[in-house]
Amino acid sequence: MFEPTSHDPVTVDCDSCLVRGPRACGDCVVSVLLGGPPDGVHLDPQEQDALAALASVGLVPPLRLVTAVDGGSEPGWASA
């Protein structure tokens, strides 16, 4: 489930999501509400909190975005 871990804005770009596909996209709040916007969608901290609250009570699916982490000496993953 999507739980904001910072107060930074998040840009959801479906084209860069590492788990993109019917299984993840079909149960992702961005795809369900916006149909996978071609230019992505920018979520400020308040929007992230609102989506997390709605997802926590089952009103919308969680954000399923997974992106590669850039930088550092070890590869890793970041999940929004």
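Heavy-atom basis, side chains included; hydrogens, waters and symmetry copies ignored.
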Requested in this report: Test side chain to side chain contact (heavy atoms under 4.5 Å, CB included) on V41 and T11 and set out the steps.
Outcome: CA-CA 6 Å; V41 63; T11 299; over 6 Å; no
Requested in this report: Identify the heavy atoms of E47 and H42 that sit nearest to each other, and give their distance.
Outcome: OE1-O, 3.4 Å
Report summary line: Nearest heavy-atom contact between D13 and L65 is O-CD1, 4.2 Å
Query raised in the report: Between atom OG of S56 and atom CG of L54, what is the distance when rounded to the nearest 0.5 Å?
Result: 7.5 Å
Could you pull out all donor-acceptor pairs under 3.5 Å where a side-chain atom in residues 28-39 meets a protein atom, sequence neighbours excluded?
from, atom 1, to, atom 2, distance (Å)
S31, OG, C25, O, 3.3

Query raised in the report: Is a side-chain donor or acceptor of Q48 paired with a backbone partner of D8 at a separation under 3.5 angstrom?
Result: yes
Query raised in the report: Can you find a heavy atom in the side chain of D15 that is under 4.5 Å from one in the side chain of R20?
Result: yes
Query raised in the report: L51 and L63: side chain to side chain contact (heavy atoms under 4.5 Å, CB included), yes or no, with the steps?
Result: CA-CA 8 Å; L51 289 175; L63 179 60; 6.0 Å; no
